[in-house]
Visitor: 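Before I ask anything, here is the structure I am working with.
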There are 2 protein chains.
Amino acid sequence: MPRNTNKRERLIGAADRLILRQGFKQTTLSDIANDAGVPLGNVYYYFKTKREIGETIVRTRIDVTRQWLDECSRETDPRERLLKFLEFPACNREALAESGCALGTLSYELRHSGSPLDEMSRPLMDVMLEWTERQFAEMGRSDASDLALQFVASLQGMCLIANALTSPEIIDRLVEHNRRWLQSL
Amino acid sequence: MPRNTNKRERLIGAADRLILRQGFKQTTLSDIANDAGVPLGNVYYYFKTKREIGETIVRTRIDVTRQWLDECSRETDPRERLLKFLEFPACNREALAESGCALGTLSYELRHSGSPLDEMSRPLMDVMLEWTERQFAEMGRSDASDLALQFVASLQGMCLIANALTSPEIIDRLVEHNRRWLQSL
DNA sequence: GTCTATAGAGGGATAGAC
DNA sequence: GTCTATCCCTCTATAGAC
């Protein structure tokens, strides 16, 4: 076990930031090393391969998402939990318009990477789908699975369009629509 | 002007197919040359740079989409046009689950390419958004712009999720939902 | 117009000194 | 544990014969 876990975390932070902006393939190890203030050769002390960095970032993003979902789960009413969840895109409108969804962009890229890394694409989507479905189920909806699909699809599509048009307003409009939709259920 | 436009079209076809499966960055010129049965060096007679191939593919995909939209525009009722449009994902469920949407995947990748090519991401989305909005407007909806956004977001999200889970059933379920939604308007 | 050979740059990965 | 130097492969692009 390395002592200086600080350096490892700086590398992960840099990789996460750069991959969000540029994608995984586009991001080079020297990009990451420079951004983290670590010499290139030293990266290999913390990660055996670039692939391993990719796997770490996938796990990190799933963890960060789970943390936000746990935060939302504190609300007593399941509908309130889903409404709370919408605060994330609402508060990150510019970042989403600039770089897209951290889960969605990575998921799409990994599925086209032609490497075993593409198997990590499914868990990236499942984390949101499963939590969302649970909330609709707790609302007593027998069609919870369909509603979850509609909800997540709407949000993922929202990010893709907002990113294509570089338009935070797209986020505003679709978040508002989803709010009203949740209220109407 | 080259005589053997057949060869150029074979290269475009190969590039389009490979980029859909592997993404633009991942697809090498020798991949394309091999798939088209053209020697590597000869590619440069038809395209000055790889970038130029990318631009051509973007234009091709927009054109193919326009052709389908024109086909749909033949229906007299705007609602029927939108329902007709849904036949595309319905008939291409396996391909969409395998590789995602030809417009959406490319749009997301280009926005993260860090090259001037990323400006082509907007027209990729606009072609669908504008046509869709026009149909809702002709249905007499003053909120046509919002409805178009909801519709396209739902479809783009659908493709992303179906691709992440490699599940054509996701396409079936969300197409069916959108059908009912259109009927209910 | 077609094709071979290869230049040139970039990037993942390693060797080995400290 | 840290860092420099470098290997080696891949990929874009070009030179130049036919």
Side-chain angles (χ1 to χ4, degrees), chain A residues 1-58 60 106 109-110 112-118 120, chain B residues 1-58 60 106 109-110 112-118 120:
Chain A
M1 262 314 186
R3 278 172 302 181
N4 195 352
T5 160
N6 171 40
K7 217 170 210 173
R8 183 172 210 271
E9 269 155 30
R10 252 159 55 215
L11 284 168
I12 294 176
D16 195 35
R17 211 171 321 126
L18 289 166
I19 291 171
L20 185 60
R21 254 191 274 149
Q22 314 174 344
F24 178 64
K25 184 103 207 276
Q26 190 81 5
T27 301
T28 69
L29 293 173
S30 82
D31 283 343
I32 297 171
N34 284 339
D35 197 81
V38 170
L40 175 58
N42 201 359
V43 171
Y44 286 91
Y45 177 75
Y46 296 98
F47 301 94
K48 273 191 287 294
T49 59
K50 186 184 179 184
R51 205 197 119 111
E52 199 175 297
I53 296 182
E55 289 167 1
T56 305
I57 297 305
V58 171
T60 299
L106 192 54
E109 183 177 3
L110 293 185
H112 294 78
S113 66
S115 86
L117 218 54
D118 82 340
M120 307 198 75
Chain B
M1 262 315 185
R3 278 172 300 182
N4 196 353
T5 160
N6 170 41
K7 217 169 210 175
R8 184 173 211 271
E9 269 156 30
R10 252 159 54 215
L11 284 167
I12 295 177
D16 195 35
R17 210 172 321 127
L18 289 166
I19 291 171
L20 185 59
R21 255 191 273 150
Q22 314 175 342
F24 178 64
K25 184 102 208 276
Q26 189 82 4
T27 300
T28 69
L29 292 173
S30 83
D31 283 343
I32 297 171
N34 284 338
D35 197 82
V38 171
L40 175 58
N42 201 0
V43 171
Y44 286 90
Y45 177 76
Y46 295 97
F47 301 95
K48 272 192 287 294
T49 61
K50 186 185 178 182
R51 206 196 116 111
E52 201 175 293
I53 296 182
E55 289 167 0
T56 306
I57 297 305
V58 172
T60 299
L106 191 54
E109 184 177 2
L110 293 185
H112 294 78
S113 67
S115 86
L117 219 54
D118 82 341
M120 307 199 76

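Predicted model, so just to flag it, every value in this text is computed and none were measured.
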Visitor: Rounded to whole Å, please give me the gap between CZ in Arg8(A) and C1' in dT2(D).
Guide: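 Those two atoms, CZ and C1', are 17 Å apart.
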Visitor: Closest approach of Arg8(A) and Tyr46(A), non-hydrogen atoms and distance?
Guide: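 Answer, listing the atom of Arg8(A) first, then Tyr46(A): CB-CD2, 3.7 Å.
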Visitor: Could you check how far CD1 of Ile32(A) sits from C1' of dA13(C), rounded to whole Å?
Guide: 14 Å
Visitor: Output a table of nitrogen or oxygen pairs between the protein and nucleotides 3-6 of chain D separated by less than 3.5 Å.
Guide:
residue : atom : partner  : partner atom : Å
dC3(D)  : OP2  : Lys7(A)  : NZ           : 3.1
dC3(D)  : OP2  : Asn42(A) : ND2          : 3.3

Visitor: Please compare Thr28(A) and Lys48(A) by the position of their nearest nucleotide in DNA chain C and report the one closer to 5'.
Guide: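 Residue closer to the 5' terminus by nearest nucleotide: Thr28(A).
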Visitor: How many angstroms lie between atom CD of Gln26(A) and atom NZ of Lys25(B), to the nearest 0.5 angstrom?
Guide: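 These two atoms lie 4.0 Å from each other.
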Visitor: Nearest to the side chain of Tyr46(A), which nucleotide is it out of dT2(D), dC11(D), dG11(C)?
Guide: dT2(D)
Visitor: With sequence neighbours left out, what residues match Asp31(A) under side-chain contact (heavy atoms from CB on, under 4.5 Å)?
Guide: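 With sequence neighbours excluded, Asp31(A) shows a side-chain contact (heavy atoms from CB on, under 4.5 Å) to Leu18(A), Gln22(A), Thr27(A), Thr28(A), given in chain and number order.
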Visitor: Give the rounded distance in Å between these two atoms: CD of Gln26(A) and P of dT12(D).
Guide: 12 Å
Visitor: Testing the basics here: between Leu20(B) and His112(A), what is the closest heavy-atom pair and its distance to 0.1 Å?
Guide: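 Minimum heavy-atom separation between Leu20(B) and His112(A): O-CD2, 3.1 Å.
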Visitor: Tell me: CG of Asn6(A) to P of dT2(D), nearest whole Å?
Guide: 10 Å
Visitor: In a table with atom names and distances, give each donor-acceptor pair under 3.5 Å that connects a side chain of residues 34-44 of chain A to protein atoms at least two apart or in another chain.
Guide:
residue  : atom : partner  : partner atom : Å
Asn34(A) : ND2  : Ser30(A) : O            : 3.2
Asp35(A) : OD2  : Arg17(A) : NH1          : 2.4

Visitor: Take the protein atom NZ of Lys50(B) and the nucleotide atom P of dT14(D), then report the distance between them rounded to whole Å.
Guide: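 Distance check: Lys50(B) NZ to dT14(D) P gives 15 Å.
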Visitor: Would you please confirm or rule out a distance under 4.0 Å between OP1 or OP2 of dG1(D) and any side-chain N or O of Tyr45(A)?
Guide: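 The answer is yes; a side-chain N or O of Tyr45(A) sits under 4.0 Å from OP1 or OP2.
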Visitor: Tyr44(B) side chain N/O closer than 4.0 Å to the phosphate oxygens (OP1, OP2) of dT2(C)?
Guide: no
Visitor: Tell me: CZ of Phe47(B) to P of dC11(D), nearest whole Å?
Guide: 19 Å
Visitor: Round to the nearest Å and state the distance from Phe24(A) atom CZ to dG11(C) atom P.
Guide: 14 Å
Visitor: Measure across Ala14(B) and Ile32(B) and return the closest heavy-atom pair with its distance rounded to 0.1 Å.
Guide: CB-O, 3.7 Å
Visitor: Determine the minimum heavy-atom distance between Phe47(B) and Glu52(B), stating which atoms define it.
Guide: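 Heavy-atom minimum between the residues: CA-OE2, 3.7 Å.
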